[in-house]
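Working notes for the structure below.
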Amino acid sequence: MKTETSSALVQGFVRSVVPVLLALIVSGLIMLAMGASPLDFFAGVWRYGITGSNWQRSLALMSPLLIVAIGIIVAFRGQLWNLGYNGQYLLGAVVASGLGPILYAVMPAFLATIIVFVVAVLAGAVWSLIPAILKARYGTNEIITSLVMSFIAIGVVNLLIKGVFKDPGVTTPQTTVIPEDQLLPYIPGTEIHIGFLIAIALAIVAQIVLSRTSFGLRIDIFGASPKAARHVGLNSTWMVVLLFAISSGLIAFAGSVDILGQFTYQRADWDPRYGDAVMPLVFLARFRPVAAIPFVAFYAVLATGGTLAAQQAGLNVDFLFVIVGLILLFMTITEYIGNRRALGQSYVPAGLRRTVLQPFTRTSERTSA
Amino acid sequence: MTTTATSDVISLRGITKAFPGVVANDDVSLDIVPGQVHCLLGENGAGKSTLISILAGMQQPDSGTVSIGGTVVDISSPKVAVDNGIGVVHQHSTLVPAFTVLENLMLGDGGVLLDEKRATRRLEELAGLLGVEIDPHALASDLGLGQQQQVEIAKAMWKGSRLLVLDEPTSMLTPQAIEHLAESIARVKAEGLAVVLITHKLREAYAMGDCVTILRAGRNVGHISTEELATYSEQQAQDAILAAMFGEDIVAVGDEATELAGATEASRETAAIDFASRPVRLELRGASSRGAGRDVDVEDVSLTLREGEILGIAGIDGHGQNALSELVAGQRPASTGTLVFDGDDITRSGVRGRQRLGIRYVTDDRLHEGTVGSMSVAVNLVIKRIGEQPFWRSGRIQPKAVDAEAKRLIDEYGIRTPSPATRAGTLSGGNIQKILLARELTNGARLVVVNKPTYGLDLKTVHLVREILTDFAAQGGSVLLLSTDLDELIELSHRIQVISRGRLVGSVVNDGPGTAEKVGQYMTGAIEGTD
Ligand SMILES: Nc1ncnc2c1ncn2[C@@H]1O[C@H](COP(=O)(O)OP(=O)(O)OP(=O)(O)O)[C@@H](O)[C@H]1O
Ligand SMILES: [Mg+2]
């Protein structure tokens, strides 16, 4: 029993970390081929992402990334593929950047912040109703509907920023800058806003809810087999709507935290696409919120340091997405090989294995049987 | 794409395969000879399917070899198996429901362009060989189980076969469909192909098989050669098989064994009850169901089920059995009519409400509906009590309480599992069924709906399941038993009603010989009347 779980842990570790390492190695090779120096690049990532007070910028970036990751995990655990995260994030952001300045003008910052958060979560949740209901009622593919809703959201957000929420004081279409004293406070002694703590706390709570409570088990049953869920007496319509709402609400919340903690205003056509970067990471974390923390931290450093490092190494900033893509690729390959192993097939071609490994396997099996 | 029947013998030598906690195949050797039907028998979990999946290239043996005509072949993938002419019909359907028959058959074809004409010709060829008619453009989901099986066989033989393996092909078929299958197998054999047939029914093994191999706990524990089997009477063959299958355990099964093997005519085993003195537990009044899918719904069903009664529902599979079970269990809403349980109207209450009242449902889809294969045996045992004390406290799971309950049920029902934490999906069919029964019958069950409770189970488990049901009724529980197995219905039920096209078309009190004929008349009458 003990050895079983520990070997499962080792396996999980290998399956999660190997793809990342392979992606880094191959991206290094690609840099070489492009005439850039991978050593410079990775040294740059280290320098601008960690050294000095740069680690604080990386941690601050973690907060929206991690909250988006949790949102994605909640839906994915129930096998609901909510890919509308970019639109949902921007909706939450625009609630903070547009509604925020109006509220801060008339009430104490604390109260205004709470209202912004609540409205952001609601906006995200309501936006997800359409894909959720279509899915629950008619079985419509939620990947397509959530993506479409995301595009619409992006359009709506831009209209708002160019329209009602536009700061009349500047010519570029952007919202009013929220003054320093009304933003989320820093963790004392640092320049990391408390969004980071909120994100970590959310990850822990989500982890407990998903793995230890009846609600989490229901999600897993629903995800494993809708037929079994019905048999057990779960209301699948309610389940789809609820999971979509939580997922989308959390992602929108990430947007509002990011504005109030980091950006202070929002420009039209701005879209950080955090979800795209985080999506492969939640697979690596096997849909476990706490396990997502190190992956998100890794990516936050890469993204924070990578932007400057890429410029110095003569690469485009979009190179970061190449690395993410490679992680995804190697993850799929590792997964495929792992599954073959689980099904009783091995990496090693059968003939070779039989001649070379047989003497060993024989004895070990006899003792374990 | 021609049939590559040859005289090469397929020999398995010393095949061993272990999974965590079990040795599924332990040093198994056997020869498969062309032009013969080789029957493979054994209890649930004996390792039959594992051996087959090794032949099919889906699993790799830990040790041992497969050779064809004396040359060792490494069946390292399903493709290698197909290239060597090994075609397998698996225990569970592998057809894609949304595809047509032809599309399903062409799935394995390589190449960019699918050659539909050639595929149609090949299908005609195979249909001729099997002696069946298959509509190439029908959707797989629209086919009956018997037809689906024909398509599966055609698929297995698609690339031309030297060996056709059938893993429990008869467990879900009607008697007529089984006869058709036997004819097809005879034709395939006459073509010079080897056939491996896995079954739990000794009658079938004797009728269709040329030789028999028996597995027990992964070991080859008995072989009856072609010559021997030819000289045996059916009774002798059965005795020999049962002795090998259960070893010393045969004493425990005792006289039941021959009966279970289907040698004697079935008669009721449950104690008689006095209907008049028993309060009504469940009453359906003109109830119709409204399902979401294409499945047959029930219409205008009225029935009464009393305390301590086993009411059998006979009928050909797919005539509304699922709808009726789900209607009672609360998984499918009633569009008209009422359901009354212990005097209370429950028409509007849901699955969980009825569950708490003591209404339980053992579904026939054990693998996908009844259990969550990726979750542990323990969780599956309490899965219908999610959130309830003492397994959850203020929403949090209590692993100790869950484990204790799981251990209790595992002991009580003799569920064979390496541990409560084992994933349920890896257990054998019989043990999965025990999980369902244990879960449904515990904690205040008053009425249990059981749909095809014994298909695919070995003799001993069939016996055990039937005993569990009669015991439950003897203690005052009510059983609504839906089955396609007439012998089972006659053995267990006090009354039998016949379902056809979603309606109850007749009722027979099971109190003496002649019940089978009466039920049969209702069944055929109903069919002739509508077609
Ligand atoms: N993938 C797997 N992982 C772990 N254990 C497995 C796996 N497949 C089979 N087993 C175990 O191996 C044993 C043999 O299983 P197998 O399916 O071969 O039995 P079977 O004879 O076909 O039984 P049945 O009559 O129920 O179909 C069982 O104990 C089963 O639990
Ligand atoms: Mg099997």
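Per chain, numbering begins at 1; letters A, B, ... match sequence-line order. A quick note: this is a predicted structure, and the numbers were derived from the prediction, not measured.
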Atom group of R366(B) that falls short of 4.5 Å from chain A, counting heavy atoms: neither
V72(B), part contacting chain A, at a heavy-atom distance under 4.5 Å: neither
Between CG on residue D365(B) and NZ on residue K227(A), distance to nearest 0.5 Å: 3.5 Å
CG-CD1 distance between L217(A) and I397(B), expressed to the nearest 0.5 angstrom: 6.0 Å
CZ (R352(B)) with more than 12 external heavy atoms under 6.0 Å: yes
Residues of residues 230-245 of chain A contacting chain B, heavy-atom criterion under 4.5 Å, by residue number: R230(A), H231(A), V232(A), G233(A)
Over 12 foreign heavy atoms within 6.0 Å of NE2, H90(B): yes
Flag if over 12 foreign heavy atoms under 6.0 Å of CZ, R396(B): no
With V205(A) via side chain to side chain contact (heavy atoms under 4.5 Å, CB included) - residues at least two apart: V209(A)
CZ/R356(B): more than 12 non-hydrogen atoms of other groups inside 6.0 Å: yes
I130(A) CD1: over 12 foreign heavy atoms closer than 6.0 Å: no
Which portion of Q355(B) sits near chain A, non-hydrogen atoms under 4.5 angstrom: neither
Residue R423(B) excluded, over 12 heavy atoms near CZ under 6.0 Å: no
Region of F391(B) that comes under 4.5 Å of a non-hydrogen atom in chain A: neither
